[in-house]
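Please read the structure below before turning to the comments.
As the structure lists them, so they are numbered: ligands from 1, and atoms in each ligand from 1. Just so we're clear, the structure is a prediction, and the values are computed from it rather than from any experiment. Along the sequence shown, residues carry numbers from 1.
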Amino acid sequence: MDKLSTLRAEWPQIGLKILGLGHALPAAGPVPNSYMETLVDTSDEWICSRTGIRERYFCGRQTNIELAEQAAAEALARSGVKAEQIGVCLVATFTPDRMSPSMACMLQQRLGLPEDSLMFDFNAACAGFLYGLQTARQCLLAAEPGRSYALVLGSETPSRVLDFTDRNTCVLFGDAAAAAVVELSVDNPYWAVCGSKTDNENMLYCSGLADQQQGKPGGVVHMQGQDVFRFAVDIIPHSIEQVLAKAGLELADIDHVVCHQANNRIISHVVKKMHAAPEQFFINLQHYGNTSSASIPLALNDMWEQGLLLPGQRVICVGFGAGFTWAACLLTW
Ligand code: ACO
C-alpha cells in the first residue's frame, strides 16, 4: 500500500462527536392547523391523519439569519466551545435571506467566528444537516491546529417560499433553525453515506431566477406528493441498511433512529418495512411540521432536552430531500 492509501485507511477510525446542540423557533409562536383552515380548503382532521402535523411556526418578520444566530449561540454555550475556536461553519439551507452573502459569512460577523475559518452555505434540501456533518468531518481533518471545532446548522424559513393558496404544500412546512458544535473523536465512531439522484427535477423543487425569467413566479415550492412519498419509503430503509453495513451492526444494535421529520406516515411505513420497534424512531413533527434541513438537528435537540440521549448510545439519522438527495449517519453519543 502506498503512503497515501495507508493514511486514508486510518480515516474511518476518526469519528465525530456532537458537543452541543441549539435551536431557534420563530417568536410569534405555534400556528395550529385551525389557522391553516382559514387559508385553504383543508381540515385539522385531514392534516393530522395524512401527515401527523398539528402545528408549525412561521417567521413573519423574523429573518433566517436571526434564527440561525440564536440556534448557533445556544449550541456554542451548551458545548463550552468559544467562537474563536471554530474552524468550520457550514449552513445547510434552501431559504437563505439573500442569495449572497451566505448565511455562514453573516454568522462569522454576528458570532465573532475567526475570520480565517472556512464558512459557506450549501443546499442539499432536507438532507442538508447530514451532508453538513459529513463535510464538517472532512474539513476538520484538514483544519489548522487550535481550530478543532465545527459549527453545523440547518436553518430554514420555508414560509417565505410557500404558496399559501396551495393546500398540497402550505400545510406541510414550518420555519426553524438548529445547530450542532462538533469535533473529531476516536471514541465516538461515525459512519455516513450520502447520495443524490435526479430522475425528475419537477417532482419537488423551489423555483428560482430562471423560472422568473420565463415569466413564472420565483421562490415557490412545488411538489408531487405521492411520488415523494414513494421515493422516501424506499430510500430511508436503503440508506439505513447501507450505514449499518458500513458499521457492521444490525438495526437492533441502535438506540434511536431519527428520520427527516416530513410525515408520520412515511416513518410508520419505514418502521413496518424494516420490522423495527416504533419506539426506536423519534418523532416530533407534530409540533413543527417539515422544517427541511433543520428537522434532524431540531429532533436531536428535543431528544437531548428530554434526556433521551445518553453517553455511548448509537443514533442513526437519515434524511432525504429535493434533488433527490439522501444521507444517513450513525453517531455515537
Ligand atoms: N387538505 C385537504 N385535502 C388535501 C390537502 C389538504 N391540505 N392536500 C391535498 N389534498 C387533497 C388533494 O387535492 C386530493 O384531492 P382530490 O382527490 O380531490 O384530487 C386528495 O387530498 C388526495 O391527494 P393526495 O396527494 O393523493 O394525498 P395523499 O394521501 O398522497 O397525501 C401528502 C398528500 C400528505 C403530501 C402525501 O402524498 C405525502 O405524505 N407525501 C410525501 C411528501 C412529503 O412529505 N413532502 C414533504 C416535503 S418533501 C421533503 O421533505 C423531502
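- The six-membered or imidazole ring of His256 lies away from that of Phe282, with a centre-to-centre distance of 6.0 Å or more.
- Every protein residue with a heavy atom nearer than 4.0 Å to ligand 1 is included here: Asp41, Thr42, Trp46, Arg50, Thr51, Cys126, Arg167, Asn168, Val171, Phe173, Leu204, Met223, Gly225, Gln226, Val228, Phe229, His260, Ala262, Asn263, Arg265, Ile266, Asn290, Phe320, Gly321.
- A distance-only check finds a donor-acceptor pair linking the side chain of Ser207 to the backbone of Val220 [under 3.5 Å].
- Screening Ile53, Asp302, Asp175 against Tyr288 for a side-chain contact (heavy atoms from CB on, under 4.5 Å) leaves a single residue, Asp302.
- In this structure the side chain of Asn290 never reaches within 4.5 angstrom of the side chain of Thr51, judged on heavy atoms.
- In this structure, Phe164 has its ring center closer than 6.0 angstrom to the ring center of Phe58.
- Taking the six-membered ring where the residue is Trp, Phe231 and Phe324 present parallel rings, their angle staying beneath 30° rather than reaching 60°.
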